[in-house]
Protein chains: 2
Amino acid sequence: MILKIDFESDLPIYIQLKTQIIEGIAAGVLKEGDPLPSVRQMASDLGINLHTVNKAYTFLKQDGFITVHRQKGVVINSIHGRRVNEDYLARLHKDLSSLAAEAYCRGMNEEEFKNICTELFTKFKSQSPKW
Amino acid sequence: MILKIDFESDLPIYIQLKTQIIEGIAAGVLKEGDPLPSVRQMASDLGINLHTVNKAYTFLKQDGFITVHRQKGVVINSIHGRRVNEDYLARLHKDLSSLAAEAYCRGMNEEEFKNICTELFTKFKSQSPKW
DNA sequence: TATCTGTTATATATAATATATAACAGATAT
DNA sequence: ATATCTGTTATATATTATATATAACAGATA
């Protein structure tokens with residue numbers, strides 16, 4: 001999987017990594033059982049520090065997206081490792097509320113907002129295998 | 001309008017301020033022409049620094065949500081000051097893509113995701129006046 | 001004139017982020 | 001066994017973002 005770091009972004013590198021890996025899973029580029037490069041390899045590839053990669057992996061591990069097998073490396077989990085729980089729902093509602101508020105303030109149509117949301121979701125759904 | 005700062009949040013204070021004011025406009029609590037407290041008053045009310053408030057106001061001003069009349073204070077703009085432009089659309093797509101990806105990865109249903117999005121948007125729509 | 005605005009400047013403190021080096025323990029291949 | 005690859009942990013440092021503190025300025029108002 002190809003990851004791109006934007007060093008000019010206001011988003012921290014480890015957040016960019018985490019986000020792109022989740023999007024990779026959603027897009028079906030990363031499937032259950034697929035390996036991720038070691039922290040050292042990934043760091044070397046991207047020209048960043050080992051600990052920055054490790055930080056991203058730690059968050060992904062906490063959220064159940066990956067499992068770390070010592071020596072086997074990092075492996076993508078099945079869907080069963082990463083369910084919708086209360087904490088996640090609360091976070092999603094909060095984040096979506098901010099986006100909906102700004103969209104509404106800027107005069108965006110309800111249909112348009114709904115379409116963008118569903119199109120993005122559907123796109124992932126069509127790209128990745130069922131689980 | 002009642003603003004609440006979470007000093008334990010991972011979100012910076014000025015981002016919390018900016019977000020809550022935008023949500024206040026979307027919810028109709030803040031209407032066109034309504035004044036906001038001066039940077040010093042707001043800072044005093046919330047127990048934070050004047051410059052932190054000023055930073056939030058500066059971003060809101062840049063995005064057209066408020067206008068600063070020297071001496072009159074800070075005033076909420078009409079919708080015409082804050083339209084959907086290319087930069088905003090790009091940002092919205094990027095943010096929504098992250099959220100949609102994680103929701104899909106966690107096994108959320110397409111209907112459920114759509115419903116949350118539309119419910120939040122509709123809620124703002126029902127609370128605030130037409131513009 | 002006194003007092004309220006937003007704004008700007010400067011300095012400092014704190015926290016988050018990223019890097020650098022090193023070491024450890026488990027696993028694998030030679 | 002030894003070398004080499006894992007993730008992990010520890011420590012230290014540099015950089016940047018965030019927040020605060022103080023002060024001053026210029027416009028507006030009472």
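Letters A, B, ... mirror the listed sequences (proteins, then strands); counts begin at 1.
- Going from atom CD of B:Glu102 over to atom CZ of B:Phe113 covers 10.5 Å, rounded to the nearest 0.5 Å.
- Checking C:dA27 for Watson-Crick or G-U wobble geometry (two distances, each under 3.5 Å) identifies D:dT4 as its partner.
- In this structure, D:dA30 forms a base pair with C:dT1, meeting either the Watson-Crick or the G-U wobble geometry with both donor-acceptor distances under 3.5 Å.
- In terms of modelled atom types and a separation under 3.5 Å, the side chain of B:Arg40 and the main chain of B:Leu50 share no donor-acceptor contact.
- No donor-acceptor pair under 3.5 Å is formed between the side chain of A:Asp63 and the backbone N or O of A:Leu60.
- Taking a pair to require two hydrogen-bonding distances under 3.5 Å in either a Watson-Crick or a G-U wobble arrangement, D:dA17 pairs with C:dT14.
- Between the side chain of B:Asp95 and the main chain of B:Leu92, no donor-acceptor pair closer than 3.5 Å is present.
- Relative ring orientation between B:Phe121 and A:Tyr104 is described as perpendicular, the plane-to-plane angle rising above 60° on a 0-90° scale split at 30° and 60°.
- Remark: the A:Arg40 side chain and the D:dT4 base include no donor-acceptor N/O pair separated by less than 3.5 Å.
- The nearest whole Å value for the distance from the CZ atom in A:Phe59 to the P atom in C:dA18 is 11 Å.
- For the pair B:Gln41 CD and C:dG6 C1', the interatomic distance rounds to 15 Å; values are reported in whole Å.
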In 5'-to-3' order, the base (B), backbone-only (S) or no-contact (-) status of each nucleotide in nucleotides 9-22 of chain D, using a 4.0 angstrom heavy-atom cut-off, is BB-------SSBBB
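- Exactly one residue among A:Glu112, A:Glu110, A:Glu111 makes a side chain to side chain donor-acceptor pair (under 3.5 Å) with A:Lys114. That residue is A:Glu111.
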